[in-house]
Colleague: 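Before we start, here is the structure in question, set down as structure tokens.
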Amino acid sequence: MKSLPEITNQVKKNLIWKSIFRRDYRNTVRDRAQAVFGNVFLHLHPVQVRESAVKLRFTWGMGGITFFAYLLLIITGVVLMFYYHPSIDQAYTDIKDLEFQVPFGVILRNLHRWGAHFMVIVVMIHMFRVFMTGSYKAPRQFNWGVGVILLVLTFLLSFTGYLTPWDQLGFWAITVGTNMGAATPLLGYQGPFSEFLHITPFNDVRFALLGGALVGGNALLRSYIWHCVAIPLIATILMFVHFWRVRKDGGISKPQK
Amino acid sequence: MANENKDNSSLRVYLFVFFSVLLLALSVWVVWDDEFGLRPWKKYQEDYKTLKHDKLEREYKKAVVEFERSGGHKKLAELEAKLEKAEAAFQSKENQEKYAKLNKQLDTAHDALVVSQQELRNLRGQFLETEYYFTKTQQPEYKKKMDSLERQIDAIGLVVATQQKSEDAVKGQVSAMTAAKATIQAEIQKMKSPLEEAKERTAKNENVSVEIKQIHIADVDKADRCQSCHIGIDAKSSVSSVQPFTKHPLSFVYLEKHDPNKFGCTFCHRGQGRATTSIEKAHGNIKHWDEPMLEGDMTQTSCLNCHGDIKSLRGAEKITKSTELIKKYGCYSCHKIPGYETVGDVGPILTEVGTKVNYSWEVKWLMDPKSYSSIARMPKFYFTQDQAESIADYMFSMTGTTRHDVDNTKSKPDAKLVEAGKALWAQSRCNLCHVTGGRGGNNVKVYAPELSKVGGKVNKEWLFKWIKNPNAYNPGTKMPRFRFTDEEINSLVAFITTEYQDEDMEYKYVQPVEIKAASITKGKELVQKYGCYGCHKMLGMEDMVQVAPSLKKQGVTFLRNSEMREKIGMELSSIGSKPVDMLDFGKMKKSISNDRLTYIKQKLRDPRGYRLGLRMPNFRLAESEINELAAVLYGFTDASVPTRFLVPSRQELDRMAGVQSYKFTGDFAKVIADVKCTNCHSIRGIGADYAPDLSFAGSKLQESWIRNFLANPDVIRPLLQQMPKFGLTSGKPLAKVTMPRFNLGQQKVEDTNKTDVDVVINFFQQELLSSDIPKAIPTIASVPLPDQIVKGKALYDLKGCRACHQIGTDGGALGPNLTNVGNRLNPGFIFKHLENARKFKPDIVEPNYGFTEQERIYLTNFLMTLKLNTK
């Protein structure tokens, strides 16, 4: 019969254990820093954070909450994709089935929908805070730019997700939204100067967005792919740039003494 | 400072604990809600199971009581004793030895058979193989081998057959030994089985799992989950009268033809078939769901989705009746409605109306038709006096230049003449179609005008000409030509104009007044604006239809009918599925419920109420008529129904098959064109269901009887009472209806030298025949005719025919009187009618007694003796 320390020792010597944990952990500054360096998920995070930077009164924690909302949307979004077909015959009934039949479908869909509204609100508050504390100033001007792009991507995620239930609300929202695209200068067929490029309703930016001249099956498929693949991919990459840049620009900005 | 920190941290702990508990509680709630709160059907299914269990228990107890009451236990004990005895006999040493021996024999026989069968199979295999090689190589040696194999096969086949026979013989002996036992066992089983089956049903019910029930119709991706709550909807009997546990009402009509597994529920009932979380959602009684569930009679509106013909459709009686209203009020005149393209004008011809009516009457009528006749079908257009006069001027200008009235009250005709007219009026049964003083008008579908005040409306010269030949004034009229003499017509005109005076009438234009040209122009504009030509034929408008408003801006106001198929009103072909958001509630948006049915009803109630500038007139429908009409309109949808559900109408099928629909031809067509038999009778699908169907009258009726009847309907007819209709058809039930006398037989038909009565009889004898009805009935040589008649009489008494039929003064009045049936009907018809009465009249009440052919011959021969001497 082996004693507990003996067993622990044996487990820790095991190759699998060693491949994951590498070395023992002692509560020293060095080891704490090592823990962060050696973990990909914490890698983006600064090793050390100033006390003033975690003061809720100053940062409101809105950036972190935005990221939390984003994670929530990714998780619920992936599960929703299991139950959804981006075709005009099935999309609406799939949403109805989520409401009536799928286990936890109601909370799943509502988490995604309200989570999306929440993220848009929180992201704007985050921007407001950054602006009001002057955190967009040098050396953080580049990260401000990245943030602005992320804001636009958040809006686009909202916009593309709006059509997916294939209901009257989404249908007309996308109709109106893409009609605005039709008025783009040069690229929209109703926009100024478009005649120089020989732009018609069948080759303008609206056509590209809808995959057709009307909101139909192609528009639904396009918005689905933008919503579920393309924009999340770009946003995720930019988010990592955003976080990494926070660290490179000297950590979260702090109140001037 | 330290103290404050401590306070802060303890507050944080409290907050942490509070939110943790809240999160936990929420998580539990989420799980609970998902499992039960959002799945109320689970409880319904559990309840249904309990109810069904109780019902099955009751049935079981009843079966037990029945078993005991019939002395089941005693019988069972007797049987068991018998079985024991049989078993003992079987177990005796002698029998056992015999049994063992037989079994051994059977084994041997079977073994031998198996060997031979194997051999046979083997040889067959070899034969097939050789055949294959032979066809491939054509070598003669294979052919030889095939022949020898064939011989072997034949030989062994014989062996197998004999062995099979001997095995069967032994088998028979074996089973004969146990037969006594087996019979008793089967009897015991038979006694026990009702109880056991009842028990089995109960056990089966226990094992039913609670789960979502869904009907999925793949080609339209419809998923109806209604049965998740309405669990017993397709059961044969209800377990409870409480919803949602009942069975479908009249399921033998609706579900038998529409298997729920193929049709689902929402094709007929609408509602939200996928929803299961609450009654409101499932029934579709929520905002933004445009199709609330249809309940009760309203559901019949869905018959229109698939059935082209609902006229004789079982279970669609209400909607069929409602559909009549579209014809009655002529909705199709202004609105495009599929299926009504070829229905004729609903209003009378107005081309020469100036020669027919008084000007003052015309103006009064235009302003408010109901002020003249309470049953008037013409709607109120809310014309002012000025507008009505303009329209009247326009119409009168077609045949004259003046506004003029003739006051019939001023001339007093000879009293004798009036008296003669009154008799003629009664004899001609004018009241069959026309209402006077609130009486008559039983044949409602003719929609003849009310004549209570007709004296103030028409002038005498016109009336004379009209009665003499109605087709001359209006070729499309339903009024028959009665073949009166001029004196008779004079008396009738005198009677009508004196008896039916209009007390309220003011004759303003007894002195004619010249019509102004400006007024005519204005009248024409009004006629065009309100589309009078939709219902009436009018001079100058024969081919006009108004273009829909959206096309007006192109500067074209009127087009020829052939160029433009638009009607004045909105197309109604899909009003029943128009999105609610697209209905214009206008001024009423806030004051009435915003759903489609309410919209339609309010539109019918107050056609110009939604906003200014609407042109639809007010038909002043009764609330019941509004409901009926709304139900029909609600059924005009563009719902996507799979083509396999569609049941085209008879006409459509004929059209697709290239079959010409029945048309009257020859001399009879000339007679029927002015006698209008089809106002009441139906012949080969043409006509009304008010009087008996004449499609096979030639086979049914005797020639002499037809001739007598046509000449003198009021003499023979009382013997034939009209069967009460039980509300199955739309005619008002009436105890005694007699056919009018059309005075046939006095005139020759145009271009022929035959009298009209001969033409009719000839047509009956030549055309209205059924190949199913024999000319003569089979004879029975063995029984002399008088005996047959006696036997037939005995059968008549035995089967209780007199309960409904009357002979002489004896019997009931539900069925036709048979006193003179021997003179009236052909024996072949009686013979066939007794076999299956429904063959010729599907809704007949006469039961099917299942007579044998012999019995039918006896009865027919008896009935043919019933003759009344009319001479």
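Hydrogens, waters and symmetry mates are skipped; everything else that's a heavy atom, side chains included, is used. Just so it is clear, the structure is predicted and the values come from calculations on it, not from any experiment. Numbered from 1 within each chain, the chains take letters A, B, ... in sequence-line order.
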Colleague: Which one of A:Asp167, A:Thr93, A:Asp89 has the most heavy-atom pairs closer than 4.5 Å to chain B?
Modeller: A:Thr93
Colleague: Any chance the rings of A:Phe202 and A:Tyr189 have centres within less than 6.0 Å?
Modeller: no
Colleague: Need one label for B:Glu35: side chain, backbone, both or neither, based on atoms under 4.5 Å from any heavy atom in chain A.
Modeller: neither
Colleague: Could you tell me whether B:Arg225 and A:Asp97 make a salt bridge, using a distance below 4.0 angstrom between a side-chain N and a carboxylate O?
Modeller: yes
Colleague: Cation-pi between B:Lys603 and B:Tyr610: NZ/CZ under 6.0 Å from ring centre and within 45° of the ring axis?
Modeller: no
Colleague: Check each atom of A:Glu99 against the heavy atoms of chain B and say whether the ones under 4.5 Å are side chain, backbone, both or neither.
Modeller: both
Colleague: Within 45° of the six-membered ring axis of A:Phe118 and under 6.0 Å from that ring's centre, is NZ or CZ of A:Arg113 located there?
Modeller: no
Colleague: A:Gln101, A:Gln168, A:Lys96, A:Gln90: which one forms the most heavy-atom pairs within less than 4.5 Å of chain B?
Modeller: A:Gln101
